[in-house]
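First the structure, in the form of structure tokens, and then the observations on it.
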Amino acid sequence: MNLRDKLVEILPTLLPTREIDAIKGTELIARVRAVLGNKYSDRSLRSQFSFIALEEDSCLARVPNGQGYYLRREEVQPSLHNMFESEADATREGMDPLHKALALAVRLYDTAGLGVFVYPVEEEESWGHPDLVAVQWPAGNITLDGAYELEPTEEEEAPVAHMRACCVTVAADAESCRRAFFRALACGLWAQEAELLIIGEQVENPQELAQLSAKYGVGVRAIEADVDTPHLLPRADEIFRAEVDEARALLETLQQSTLAHPRIRRQGAILPPETMPDTQAARNWAQSCIAKGRIEAYEMRVAVN
């Protein structure tokens, strides 16, 4: 796939949806590199941005008589990123039970201090990458502007981010939970940890899942939340955009239980990363942040494979 085709595929998930929030070319380049890596020069990327923006049916729009890019779209795309960026209108993305479950999962991890990389919602669940990756960063400090900067190190080797591959499911019955467990196992073979987060009113087979966890090392957590009833929880984008204290307060109202803790693979992943190429985006993002010594802004945590 050439550079243009790659950009057309990933740009809809990297661009702000409103012209007022347009980002400059340097910021867009940084977001693209968090997904594609550093194999393309600034000149090549800027050139492609210009050509794509000239196409009337493209996703990339340029601010008229100004600087900045934003998303040009006629309808809401089935992307978790676009759902998180949505306006206050009641779009189906904001009310969809799975989207609410994913938004709760993001806030569960990020309010605990973990970085979160979210893959987009797809028409069919992926067995090539998890729904999100929770990242434990190396030691660092919060700056005055609220950013997280890594502590400088004198070691020859760069610090490493500890990654937990996480799959999310809306609890339905024992069979669906069992399937979700093995999906979490398959999608987490490349990471230091794997975890299944079950969101729903009740888990029918907690003992079975705990036994499977003891055998395969996948952690299992459950949050009792009725995501199917519209008025019981905020919209998914509202959950995602809530202030940290508001998100924590919401999570505290929900019953949570840990059925099994994930087993840490101290000797590394079971499978080498190159055997699961769909996970490369999350690794590129984490490596880019560590290379810069600074964790990117929250919106940078949402991307595509």
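For this chain, numbers begin at 1 and follow the sequence in order. Everything numeric in this text was worked out from a predicted model, so none of it was measured.
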Decide yes or no for Leu7 and Val32: does some side-chain heavy atom of the first lie under 4.5 Å from some side-chain heavy atom of the second? yes

Could you tell me whether Arg221 and Glu195 make a salt bridge, using a distance below 4.0 angstrom between a side-chain N and a carboxylate O? yes

One pair to check against salt bridge (charged side-chain N to carboxylate O under 4.0 Å, His left out): Glu208 and Arg178. What are the steps and the verdict? CA-CA 9 Å; Glu208 177 191 10; Arg178 190 180 304 117; 2.6 Å; yes

Main-chain N/O of Ser44 paired with Ser47 side-chain donor or acceptor, under 3.5 Å: no

Taking atom SG of Cys59 and atom CG of Leu11, what is their separation to the nearest 0.5 Å? 5.0 Å

Show your reasoning for whether side-chain hydrogen bond (donor to acceptor under 3.5 Å, both in side chains) applies to His129 and Gln280. CA-CA 9 Å; His129 64 73; Gln280 187 62 46; over 6 Å; no

Ignoring hydrogens and geometry beyond distance, is a side-chain donor-acceptor pair present between Lys6 and Tyr40 at under 3.5 Å? yes

I'd like to know if the side chain of Gln256 and the backbone of Leu251 have a donor-acceptor N/O pair within less than 3.5 Å. yes

Is the side chain of Thr258 donor-acceptor paired with the backbone N or O of Ala260 at a distance under 3.5 Å, no angle test? no

Does the gap between the ring centers of Phe49 and Phe51 come in under 6.0 Å? no

Would you call Ile223 and Ile199 a side-chain contact if the rule is heavy atoms closer than 4.5 Å? yes

Residue pair Leu15, Tyr69: steps toward the side chain to side chain contact (heavy atoms under 4.5 Å, CB included) verdict: CA-CA 7 Å; Leu15 292 164; Tyr69 297 97; 4.0 Å; yes

Give, for atom CG of Asp245 and atom OG1 of Thr111, the distance between the pair rounded to the nearest 0.5 Å. 10.0 Å

Within a strict 4.5 Å, meaning less than it, do heavy atoms of the Pro130 and Thr279 side chains meet? yes

Going through the distances and angles, do Arg4 and Glu55 end up as a salt bridge (charged side-chain N to carboxylate O under 4.0 Å, His left out)? CA-CA 12 Å; Arg4 181 194 175 282; Glu55 300 173 5; 2.8 Å; yes

Salt bridge check, Arg183 against Asp131: does any charged N sit closer than 4.0 Å to a carboxylate O? yes

Charged N to carboxylate O under 4.0 angstrom, Arg179 versus Glu125? yes

Is there side-chain contact between Leu45 and Leu3, with at least one heavy-atom pair below 4.5 Å? yes

Within 45 degrees of the axis of the six-membered ring of Trp285 and under 6.0 Å from its centre: does Arg33 put its NZ or CZ there? no

Side chain Asn284, main chain Val35, donor-acceptor under 3.5 Å: yes

When rounded to the nearest 0.5 angstrom, what is the spacing between CG in Leu108 and CG in Leu250? 11.0 Å

Can you check side chain to side chain contact (heavy atoms under 4.5 Å, CB included) on Val133 and Val118, steps first, answer last? CA-CA 7 Å; Val133 179; Val118 188; over 6 Å; no

Lys/Arg-Asp/Glu bridge criterion (N-O < 4.0 Å) met for Arg248, Glu243: no

If only atom types and distance count, is the side chain of Arg294 paired as donor or acceptor with the main-chain N or O of Leu150 below 3.5 Å? no

How about Arg46 and Thr26: do any of their side-chain heavy atoms sit closer than 4.5 Å? yes

Rounded distance (nearest 0.5 Å) linking atom CD of Gln211 with atom OG of Ser213: 10.5 Å

Between CG of Leu60 and CG of Leu71, what distance do you get to the nearest 0.5 Å? 8.5 Å

Tell me if a side-chain donor or acceptor on Ser58 pairs with a main-chain N or O of Ile52 at a distance below 3.5 Å. yes

Can you measure from CD1 (Ile290) to CH2 (Trp137) and round to the nearest 0.5 angstrom? 6.0 Å

If only side-chain N and O atoms count, and only distance matters, is there a donor-acceptor pair under 3.5 Å linking Gln136 with Tyr109? no

Can you find a pair of side-chain heavy atoms, one from Tyr70 and one from Val63, that are under 4.5 Å apart? yes

